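This report refers to the structure that appears directly beneath it.
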Amino acid sequence: PADQGSLHRYFGQR
Amino acid sequence: LEARLEQAGVLKKVVDAIKDLVQDCNFDCNDSGIALQAMDNSHVALVSMLLKSEGFSPYRLDRNVALGVNLTSLTKVLRCAQNEDILTLKAEDAPDTLSLVFENAENDRISEYEIKLMDIDQEHLGIPETEYAAAISMPSAEFQRICRDLNQLSESVAIEASKEGVKFSCSGDIGSGSVTLRQHNNVDRPELSTKIELTEPVALTFSLKYLVNFCKASALSSVVTLSLSNEVPLLVEYAMGSGFVRFYLAPKIGE
C-alpha cells in the first residue's frame, strides 16, 4: 500500500 | 476591526467547511481581508481561506490583528444567527474577545455575542506558485458524490487526468469501482459543465477521508476546481463571490 507523506515534504515553513 | 457582512450564512458555511479539519486557528485580519491558514493534526491536509475586504461593507481595520478562535465555540455562536442576518465582527487592537452582532434584514432584532479568543502559535507554510499540469472544474455536488461513493469501497482514490477525461478509481476488500468524467459544456447551466485543462497527463493517489471532508465546502460554491501535478499536493478550490476556500492534500507515495 502507498504511504501518506506530510505536506512538509512540499511546502516550506514561512 | 469592524467588518460587516451582508449575509451571516457566508461565514457559517465557511466555518462549517473547515471545523472538522482544524480545531483552533487564527483569523488573520489585514488590508486584503480576513484570512486563515491551518493544517490538520496529521499535517496531511491544509486549508487556506480568504474573505476579501471588498466582501465586507464597511471593512475597517486600524492595524493588523490575529484572532485566535476555537472553531467549535465559533460554530455555537454562529448557530445563533440566521443565514440572512447581517453580521458584524468587531475586535479591539489587542483583543481578548471577538464580538459578533447579528441583525435581521427588517432591523428590528439585534443579537450580540462575544467569544473568548486564545493565543495560537500557528505554523504558516509557504505555498509555492504552481503551474498545474491539470485543472478540472466540475459541479461540487458531483465531486462530493464521487468521493462518498468510492469511500464506501476504499480508503484511497486514484485520480488520472488525460485527454480522454478524468478517472477516479479505487479498489478495496469488497471490490473495485471507477467514475470517468468527460469534458462537456452545459450552455444553459454553465455551473453543471465539466472542464478539463491539461498540459500533461497526471496520475496521483489520495486518501478519500480528507477529500470527503473537503466536500463539506460544497455549500459555498456549485463549482469545484481540482488542480493536479504529478508529485505535488492536490489543490481543491471553492470560489466565493469575494473570496475562496482552498484545500491542499499531500498525495500518497510509492506503491
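Letters go in sequence order (proteins before strands), and every chain restarts at 1. Both backbone and side-chain heavy atoms feed into the values below; hydrogens, waters and symmetry mates do not. Model, not experiment: these values are computed from the prediction.
Atom CE of Met39(B) sits about 9.5 Å away from atom CZ of Phe11(A), to the nearest 0.5 Å. With values rounded to the nearest 0.5 angstrom, Leu125(B) atom CG is found 5.5 Å from His8(A) atom NE2.
Within residues 131-154 of chain B, no residue has any heavy atom under 4.5 Å from a heavy atom of chain A. Residues of residues 22-35 of chain B lying under 4.5 angstrom from chain A, judged on non-hydrogen atoms, do not exist.
A donor-acceptor contact shorter than 3.5 Å is absent between the side chain of Gln4(A) and the backbone of Phe206(B).
In summary, of the residues considered (Leu46(B), Leu249(B), Ile127(B)), a side chain to side chain contact (heavy atoms under 4.5 Å, CB included) with Leu7(A) occurs for Leu46(B) alone.
Of the atoms belonging to Glu155(B), not a single heavy atom falls under 4.5 Å from chain A.
Checked against the 6.0 Å centroid criterion, the rings of Tyr10(A) and Tyr248(B) do not qualify as a close aromatic pair.
Within 6.0 Å of the CD atom in Glu197(B), the count of heavy atoms belonging to other residues, nucleotides or ligands does not exceed 12. Other residues, nucleotides and ligands contribute over 12 non-hydrogen atoms within 6.0 Å of the NZ atom of Lys19(B).
The shortest non-hydrogen separation linking Gly5(A) to Ala250(B) is O-CB, 3.3 Å. Pairing each heavy atom of Ser6(A) with each of Ser42(B), the nearest pair is CB-O, 4.5 Å.
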